[in-house]
Amino acid sequence: CVYFACKVDEYIIGIDKFVSMLEESLQMETGSFILGNEFLLMEALEYSLTVYNSFRPLDGFMIELKDKYGGDSANALKKHALSFINDAILTDATFLLSSISK
């Protein structure tokens, strides 16, 4: 529950670091147990996950870009940015976090 609470509070910590205080012989088994039961815990708590996409931040960025540099260059950039976002949504890129400490 503590590992999941860290995630909920946006204190992202890797499972290896989380179990590093345990005896070395228990680390692998405990880490696997925690990760294996994480979804069961979420289901029992009726916890729902929210996935944010990049369309809304792009719209805000485009408004600022149009105000500062004009509409022509912003419109050309928006076309390429939308294409990139559409391609990224088809992958698991939106679920990856580079800030996980190990």
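As the structure is a computational prediction, the values presented were derived from the model and not from experiment.
- Smallest separation of non-hydrogen atoms from Cys6 and Ile13: CB-CG2, 4.4 Å.
- Panel note: side chain Thr91, backbone Ala88; a donor-acceptor pair is recorded below 3.5 Å.
- Taking Lys66 as the reference, nothing meets the side-chain hydrogen bond (donor to acceptor under 3.5 Å, both in side chains) condition, with sequence neighbours excluded.
- In the hydrophobic cluster analysis, where Ile, Leu, Val, Met, Phe, Trp and Tyr join through side-chain heavy atoms closer than 4.5 angstrom, Val2 is grouped together with Ile15.
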Go through the steps to decide whether Met62 and Leu77 satisfy the test side chain to side chain contact (heavy atoms under 4.5 Å, CB included), and finish with yes or no. CA-CA 9 Å; Met62 287 296 126; Leu77 179 63; 3.9 Å; yes
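- Other residues, nucleotides and ligands contribute at most 12 non-hydrogen atoms within 6.0 Å of the CD atom of Glu29.
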Before you tell me yes or no, could you show the steps for Asp67 and Ile63 under side chain to side chain contact (heavy atoms under 4.5 Å, CB included), namely the whole-Å CA-CA distance, both residues' side-chain angles and the distance that decides it to 0.1 Å? CA-CA 6 Å; Asp67 289 345; Ile63 290 169; 4.0 Å; yes
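- Here the CE atom belonging to Met42 is positioned 13.5 Å from the CD atom belonging to Glu46, to the nearest 0.5 angstrom.
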Run the side chain to side chain contact (heavy atoms under 4.5 Å, CB included) test on Ile34 and Phe4 for me, step by step, so that the C-alpha distance in whole Å, both residues' side-chain angles and the decisive distance to 0.1 Å come before the verdict. CA-CA 9 Å; Ile34 291 170; Phe4 184 66; over 6 Å; no
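- You'll find the side chain of Lys78 reaches within 4.5 Å of the side chain of Asp59, heavy atoms only.
- Atom CG of Leu82 sits about 11.0 Å away from atom CG of Asp87, to the nearest 0.5 Å.
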What do the steps show when you test Phe33 against Val19 for side chain to side chain contact (heavy atoms under 4.5 Å, CB included), and what is the final call? CA-CA 11 Å; Phe33 177 79; Val19 298; over 6 Å; no
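- The salt bridge (charged side-chain N to carboxylate O under 4.0 Å, His left out) search around Asp92 returns none, not counting sequence neighbours.
- More than 12 non-hydrogen atoms from other residues, nucleotides or ligands lie less than 6.0 angstrom from CZ of Phe55.
- Contact between Ala81 and Leu58 at its shortest, heavy atoms only, is CB-CD1, 3.7 Å.
- Between Leu22 and Gln27, the shortest heavy-atom distance links the atoms O-NE2, 3.1 Å.
- Take Phe18 and apply the ring-ring contact (aromatic ring centres under 6.0 Å, His included) test, not counting sequence neighbours, and it matches Tyr3.
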